[in-house]
Every structure is written in structure tokens, then in C-alpha cells.
Amino acid sequence: MGVLFNKRESEPQVSLPIHMGIIMDGNGRWAKRKGLPRTFGHKSGAKNFRSIVKYCSQIGIKHLTVYAFSTENWTRPNEEVIALMNLFEQYLIEALSDFQNENIKVKFLGEMEKFSSKIQNLIKEVEKSSQNLTGMVLNIAMNYGGKREIVNAVKILAEKVIKNDIQVSEITESSFSDCLYTAGQPDVDLVIRTGGECRTSNFLIWQAAYAEYIFTDILWPDFKFKDLDNILTLYAKRKRRFGGV
Ligand code: FPP
């Protein structure tokens, strides 16, 4: 258990990001290093995901967005895609009780139509049963792409202009944000990427325009509470100037 940020025992001692994003990378390499198939890495990653979500809620993160499956991940070998779909299904069933116990409101970001009807139904059930919960908002990005999200927002605004619901002059950063999957939620303060790669991979490219990025070599299944505590301590020391001086 992390110590610095354990809200159940004391208030966090440093300022936390209000909205935190996590790119959970490195499952495949974690498994390979152990001589196991990649799918074992995802299984271990899903288990870790479940406990990190609970920890984030307990230490007082208000919005957590995780990258579970990108619009590009469909190009992976079929057996890996199937294994990931099975894990999503299992997680959505098993974690339902976590959301109620931890008061977590869940939202899914992305185009859900591409998932099986079973997964789509579970998604609807999870969103519906957690919609009135008042604790942390957990955004699960699935079949998500930042560029696609932006194009989608452009289409929504274009339709409104065509229908004369709004004027072009009314298109602002704020009205644009309202057409993103994260409408109504604050911009992202911190993005963590595990697994050693230093890129954004099409994740929250609008919302994270002024986010701090922290990259760690730790592979996602090995990323534990103390590692998160260390990153949050680093984040708290960053001077955020938002383009000012
Ligand atoms: C990246 O690791 C991880 C993914 C593409 C999937 C993320 C999924 C999980 C953490 C598990 C399930 C999630 C939920 C919501 C239950 P990678 O395969 O790219 O690893 P590599 O870079 O080592 O190949």
C-alpha cells in the first residue's frame, strides 16, 4: 500500500492532479520476459488496473482516464484482440461491485458500436448503474482515438451550423470541448505512460494540451501503488505555467 497518499489514513500531503490519464503500456513485454504468451501480460495488466483504479479513488483523484484499447489496436493478431475482449467482458462483470463500493462513476470514451453486443450491453449497464455515483469519474477509453474524437466533434459542430442552431462565430474552445467524449470534465493535468515509450499515441490530444507528462520504464503489470506515489510526488514539484512565465 502506498503511504504518502493514503487518504483513508490522512489527507494527501501534496497537491494531486484533478484529472489524470494513464497509458497502460508494457503488458506484452512483461509476459515475454517471463516466457509467457502476450495474453498473460494483459491478464496481469487487467488485475493491476483494477487495483490501481481503487487506489486512485481512495487517494482522492477526481477524474481518471485510462487507455484500454485504441482505434489502432484492432490490427493486432486476432487471438490477442479476442483475449483482450474476453478480459474487458470479465472486468466489466467483476468490477461492478468495486464501482458501487468505491462510489466510482464510469464513462466509456470512444466508438462502442464496434464491440460485441455483450460488451455493449455491459457498458450500458455499468454506465447506468454508476451514473448517480458521486466519487471519482473513471473514463475507460476503448476503441478510442484522439484524432477521431476531434473529427467527431467537428462533425457535431458542422451539423449544428448547417441546422442554424449555432453561428460559426459561436465555435470556441469551450463549445468544442463540449462536443468531445469528455464533455463537462476538466482538462487533463497529468498523463502517465508506463512501459518506457515516450509518445502520446493519440491519447487525449486535445484535453492534455497543457498536461504534464511522466514516462516510466516500469511495465504496466509491475506498476504498483508506491510507483504511483513517486510519480505524484514528482508531479507536485512541477511548475505549471500554461504558457505564461
Ligand atoms: C498495452 O500493452 C496495453 C494494451 C493495448 C491494453 C491495455 C489493457 C489492459 C491493461 C488490460 C485490460 C483493461 C481493462 C479495462 C480490463 P502492450 O500490449 O502494447 O505491451 P507491449 O508494448 O509490451 O507490447
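In listed order, ligands and their atoms are each counted from 1. Values reported hereafter were calculated over all heavy atoms of this structure, with side chains retained and with hydrogens, waters and symmetry mates removed.
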Quiz item: Are Ile82 and Leu84 in one and the same hydrophobic cluster, where Ile, Leu, Val, Met, Phe, Trp and Tyr link if side-chain heavy atoms are under 4.5 Å apart?
Solution: no
Quiz item: What atoms of ligand 1 come within less than 4.0 Å of a heavy atom belonging to Ala68?
Solution: 6 (C), 7 (C), 8 (C), 15 (C)
Quiz item: Going by the atom numbers of ligand 1, which of them fall below 4.0 Å from some non-hydrogen atom of Arg29?
Solution: 21 (P), 22 (O), 23 (O)
Quiz item: Under 4.0 angstrom from ligand 1, any heavy atom of Gly26?
Solution: yes
Exercise. Run the numbers for me: atoms of ligand 1, each under 4.0 Å from some heavy atom of Arg38, listed by number.
Key: 17 (P), 18 (O), 24 (O)
Exercise. With sequence neighbours left out, write down each residue that passes side chain to side chain donor-acceptor pair (under 3.5 Å) with Asn121, or none if nothing qualifies.
Key: none
Quiz item: Can you check whether Phe69 and Trp74 have ring centres sitting under 6.0 Å from each other?
Solution: yes
Quiz item: For ligand 1, which atoms, with element, lie under 4.0 Å from some heavy atom of Met24?
Solution: 1 (C), 2 (O), 3 (C), 10 (C)
Quiz item: Under 3.5 Å, N or O to N or O, is Trp220 touching ligand 1 that way?
Solution: no
Self-check item: Proximal ligand 1 atoms for His42, defined as those under 4.0 Å from one of its heavy atoms
Solution: 11 (C), 18 (O)
Exercise. With heavy atoms only and a cut-off of under 4.0 Å, state how Arg76 meets ligand 1: side chain, backbone, both or neither.
Key: side chain
Practice problem: Name the closest protein heavy atom to atom 10 (C) of ligand 1, giving the residue it belongs to and the distance to 0.1 Å. | Solution: Asn27 ND2, 3.5 Å
Quiz item: Can you find an N/O atom of Asp25 closer than 3.5 Å to an N/O atom of ligand 1?
Solution: yes
Quiz prompt | Under 3.5 Å side-chain donor-acceptor pair for Asp229 and Tyr55 | solution = yes
Practice problem: May I ask whether Lys32 has any heavy atom positioned less than 4.0 angstrom from an atom of ligand 1? | Solution: no
Quiz prompt | Nearest neighbour in protein (non-hydrogen) for atom 12 (C) of ligand 1 | solution = Ala46 CB, 3.8 Å
Quiz item: Taking atom types as modelled and ignoring hydrogens, do the side chains of Lys105 and Asn132 form a donor-acceptor contact shorter than 3.5 angstrom?
Solution: no
Quiz item: What protein heavy atom sits nearest atom 15 (C) of ligand 1, and how far away is it?
Solution: Phe49 CE2, 3.5 Å
Exercise. Could you tell me whether Tyr91 and ligand 1 have an N or O pair separated by under 3.5 Å?
Key: no
Quiz prompt | atom 5 (C) of ligand 1 - nearest protein heavy atom and its distance | solution = Asn73 OD1, 3.7 Å
Quiz prompt | Close N or O approach (Phe88, ligand 1; < 3.5 Å) | solution = no
